[in-house]
Amino acid sequence: MIHRLSTTRLTWYSLAALIALLAAGMPLSLANKSVFTALNHENLFDWLGTSWQEAPLVTAWFTGLCLVAFILLVNGVCCCLTRQLAPAIKTKGSRQWLFLALHLLFLAVLVCHGLTLGLSKKSSQVTLFAGQTHKALGYEIKVNQVVFSDEIAILTAPKNHQRKMMVKERVGLDHNWAQLLVDPKKNQNDARTLYMLSPLRQDFFQATITEFVYDKKKGQPGITLNFTRNYFNLFFFSVYAVMILALAGFTVLTWKKPALGR
Amino acid sequence: MTLYIYYILFALCLAETCAALIRAKRLHLILLGARSLAGCFGCGLILVQAGRPPLFGPFEACCALTCITGVLALKFGFGLKNPRIFYTIAGAIATLMLALEWTSPMELNPDYYMYQNLWVKLFFMFRLLAVGFLAQASAQYLSGMGKGSDRAALWAGGRNTLLVGTCIYLSGEWSGSLWCLNWLGDSWQWSRGFFRASLLFLLVMAACHLPAPKKGVLNPVFKGISGALPGIFGLYMIFFY
């Protein structure tokens, strides 16, 4: 059984199925924008609870994608155990070990994707103005100050014009910022400054500014925040980087004799 | 100025393909060198005008890709006994790439404010560089489908270029994941961009895991098309964003 699960034929068919499913995902995501936006903004199991009634086709597609990815994972593990480990031990060659490591690292990246998808906690698209507080993922956040130094006209323009206006000459990454206090009752003097692309991180919790907004009635700028808690980010980025290095090493070692891994 | 560079590149690539086809070896090498230099000049112009390397948009991609694929074709072609088919396909891919630009604006991409961030720059730079390598691998794999004496060298060269391109591509995706984490709070999100990026990587994986037939050898057409698909899809990603 394990031998059957470890074949290259199964790998290729799993990959072909994944390619077909991802290709189908493109028109599907265009036709069901709100369902995919919800998948990005909500916790997975909350999303599954509602999506199978609202969008059964997307839920079936999503389930199929996860299933095929799981088959690829099982195939990868079996292949490493039955076809790659023994030759590596037998020959003690660095090429074989690197080949095995490369596959194991890819499997780790695949598992990280799954864990991120299933276990990360989210509270998304929360718009706050100076002075407001919000409770998210066990933290209480207070916005002390929001400063938008660039043209306010950029924030009040329609969304499709905004992107064209947001050029380097008119918007600076460090021109606009917000000051946040995490758990204001505990740390009164521990305010942190956030910029676009420069989020607040505390343990596994992250508060990220996704955009600046402007309230015309109040006449003041605000921020839209995504709150996330993800335990695997550091591990994911480390394993991903080592996988790239392993692939580079394997390419160099097999440059003149590319029989291994074709 | 950008429009002139485009027309020069197009004329050079077209002439280079014709020269390869009619076996005008010396003329072909001159034209291949000239298009690499012209692409390099285009990249330099973008660097001077925009204060950054080519990053995004078909016009910027044209300059960077003609330069990268030109240099790679020059380097690889010298090692082949009969490089005519390889040179013709490499030239045809470059010409096709430039033809795809025809419907897009011939201008530099507006300097989006996020380009100031290092990870954003690296994401786009690595992606362009990777597609250059993958396009070169496409030329190698497609020309390896023929029965010439260079097949082994073309297969081996294609495989190496494909893997180097994949390393660069994954480095770009790594930078892009960091960009996504800093912008949206997740290292990846369900989007059209994610589907496309994953598709390209899966195509590379599929090309590297072709099932061996029960009898005989692997069909060269199957192998050639599988190896060429990542580069072709990479070009589609760049020109039909």
Side-chain angles (χ1 to χ4, degrees), chain A residues 7-13 15-16 18-19 22-23 25-26 29-30 36-37 39-40 106 112-113 116 120 122 124 163-164 166-174 196-199 206-208 210 225-228 230 232-233 236-237 240-241 243-244 247-248 250-251 254-256 258 261-262, chain B residues 50-52 110-120 155-160 162-164 166-171 173-174 177-179 181-192 194-199 202-212 214 218 223 226-227 229 233:
Chain A
T7 58
T8 316
R9 194 167 289 272
L10 181 62
T11 314
W12 193 84
Y13 282 120
L15 289 169
L18 273 181
I19 288 168
L22 283 176
M26 285 197 275
S29 67
L30 280 177
F36 277 85
T37 307
L39 179 57
N40 285 328
F106 167 74
C112 274
H113 269 90
T116 309
S120 65
K122 295 174 185 182
S124 302
R163 168 96 189 193
K164 286 176 191 166
M166 290 181 132
V167 288
K168 199 170 76 179
E169 291 74 26
R170 298 175 80 171
V171 182
L173 278 173
D174 54 354
M196 281 298 293
L197 303 185
S198 179
Q206 181 172 317
T208 316
T210 58
L225 289 156
N226 276 0
F227 300 104
T228 46
N230 194 322
F232 310 101
N233 278 339
F236 169 72
F237 280 100
Y240 199 160
M243 183 187 83
I244 297 168
L247 180 61
F250 178 74
T251 308
T254 56
W255 193 268
K256 286 187 177 169
R262 252 172 286 190
Chain B
R52 56 168 175 78
D111 230 345
Y112 188 48
Y113 80 108
M114 282 198 189
Y115 290 169
Q116 295 166 81
N117 183 271
L118 173 71
W119 303 116
V120 181
W155 282 156
R159 176 261 190 201
N160 289 342
L162 189 71
L163 290 186
V164 173
T166 308
C167 283
I168 300 168
Y169 179 73
L170 289 177
S171 304
E173 288 304 299
W174 190 90
S177 291
L178 210 50
W179 172 23
L181 181 70
N182 291 338
W183 184 16
L184 303 169
D186 288 314
S187 55
W188 64 281
Q189 289 210 333
W190 298 96
S191 64
R192 214 160 62 104
F194 168 74
F195 291 137
R196 288 173 166 213
S198 307
L199 266 174
L202 288 172
L203 285 171
V204 173
M205 281 181 68
C208 295
H209 292 86
L210 297 181
K214 285 172 185 164
L218 199 63
K223 185 171 177 170
S226 301
L229 272 177
F233 187 74

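First the proteins, then the strands, lettered A, B, ... as listed; each starts at 1. Side chains included, hydrogens not; waters and symmetry mates left out as well; all remaining heavy atoms used. Owing to the predicted nature of the structure, the values given are computational and were not obtained by experimental measurement.
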Less than 4.5 Å to any heavy atom of chain B: does that hold for the side chain of [X], its backbone, both, or neither?
{"X": "A:Thr210", "answer": "both"}
{"X": "A:Phe106", "answer": "side chain"}
{"X": "A:Ala207", "answer": "neither"}
{"X": "A:Phe236", "answer": "side chain"}
{"X": "A:Asn40", "answer": "both"}

For the pair A:Glu169 (side chain) and B:Asp111 (backbone), establish whether a donor and an acceptor sit closer than 3.5 Å, ignoring hydrogens and angles.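 It does not hold such a pair.
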Sequence neighbours left out, what passes side chain to side chain contact (heavy atoms under 4.5 Å, CB included) with A:Lys122? Give chain and number order.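 A:Lys122 satisfies side chain to side chain contact (heavy atoms under 4.5 Å, CB included) with A:Asn43, A:Ser120, A:Ser124, A:Thr228, B:Asp186 only.
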Minimum heavy-atom distance between B:His209 and A:Thr8, given as atom pair plus value: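 What the structure gives for the nearest pair is O-CG2, 3.5 Å.
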Atom of A:Gly25, atom of B:Phe195 and distance for their closest heavy-atom approach: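 Scanning both residues, the minimum pair turns out to be O-CE1, 3.4 Å.
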For [X], is it the side chain, the backbone, both or neither that has a heavy atom under 4.5 Å from a heavy atom of chain A?
{"X": "B:Ala197", "value": "neither"}
{"X": "B:Ile168", "value": "neither"}
{"X": "B:Leu181", "value": "both"}
{"X": "B:Trp183", "value": "both"}
{"X": "B:Trp179", "value": "both"}

Are B:Ser191 and A:Phe36 close enough, and set up right, to give a side chain to side chain contact (heavy atoms under 4.5 Å, CB included), and what steps lead you there? CA-CA 8 Å; B:Ser191 64; A:Phe36 277 85; over 6 Å; no
Should the pair A:Phe237 and B:Trp174 be assigned to parallel (<30°), tilted (30 to 60°) or perpendicular (>60°) ring geometry?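 Perpendicular, since the angle between the ring planes exceeds 60°.
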Might you work through the side chain to side chain contact (heavy atoms under 4.5 Å, CB included) test for B:Tyr113 and A:Leu173, ending with a clear yes or no? CA-CA 7 Å; B:Tyr113 80 108; A:Leu173 278 173; 3.8 Å; yes
Largest heavy-atom contact set with chain B, pairs under 4.5 Å, which of A:Trp12, A:Phe232, A:Phe227: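 Going by pairs under 4.5 Å, I would pick A:Trp12.
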Quick check for you: among A:Leu10, A:Thr11, A:Ile244, A:Thr37, which has the greatest number of heavy-atom pairs under 4.5 Å with chain B?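 Looking at each option in turn, the highest pair count goes to A:Ile244.
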Heavy-atom pairs under 4.5 Å with chain A, option from B:Leu178, B:Thr166, B:Val164, B:Val120 with the top count: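 If we count pairs closer than 4.5 Å to chain A, B:Leu178 comes out on top.
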Mind ranking B:Ser187, B:Gly157, B:Ser171, B:Pro110 by heavy-atom pairs under 4.5 Å with chain A and telling me who comes out on top?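 If we count pairs closer than 4.5 Å to chain A, B:Ser187 comes out on top.
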Compare all side-chain heavy atoms of [X] with those of [Y] and state whether any distance is below 4.5 angstrom.
{"X": "A:Leu18", "Y": "B:Met205", "value": "no"}
{"X": "A:Thr208", "Y": "B:Leu184", "value": "no"}
{"X": "B:Trp188", "Y": "A:His113", "value": "yes"}

Separation of A:Phe250 CZ from B:Cys167 SG (nearest 0.5 Å):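 These two atoms lie 10.5 Å from each other.
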Nearest 0.5 angstrom please: A:Leu197 CG to B:Trp119 CH2, how far?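 Reported to 0.5 Å precision, the distance equals 12.5 Å.
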By side chain to side chain donor-acceptor pair (under 3.5 Å), which residues pair with B:Asn182, not counting sequence neighbours?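 Once residues adjacent in sequence are excluded, the partners of B:Asn182 under the side chain to side chain donor-acceptor pair (under 3.5 Å) criterion are A:Arg201.
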Side chain to side chain contact (heavy atoms under 4.5 Å, CB included) evaluation trace for A:Met26 with B:Leu199: CA-CA 11 Å; A:Met26 285 197 275; B:Leu199 266 174; 3.6 Å; yes
In sequence, state the C-alpha distance, the side-chain angles, and the governing distance for B:Met114 and A:Met166, and then conclude on side chain to side chain contact (heavy atoms under 4.5 Å, CB included). CA-CA 9 Å; B:Met114 282 198 189; A:Met166 290 181 132; over 6 Å; no
May I ask you to establish whether A:Arg163 and B:Tyr112 are in a cation-pi arrangement, using a distance under 6.0 Å from NZ or CZ to the six-membered ring centre and at most 45° from the ring axis?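 Yes.
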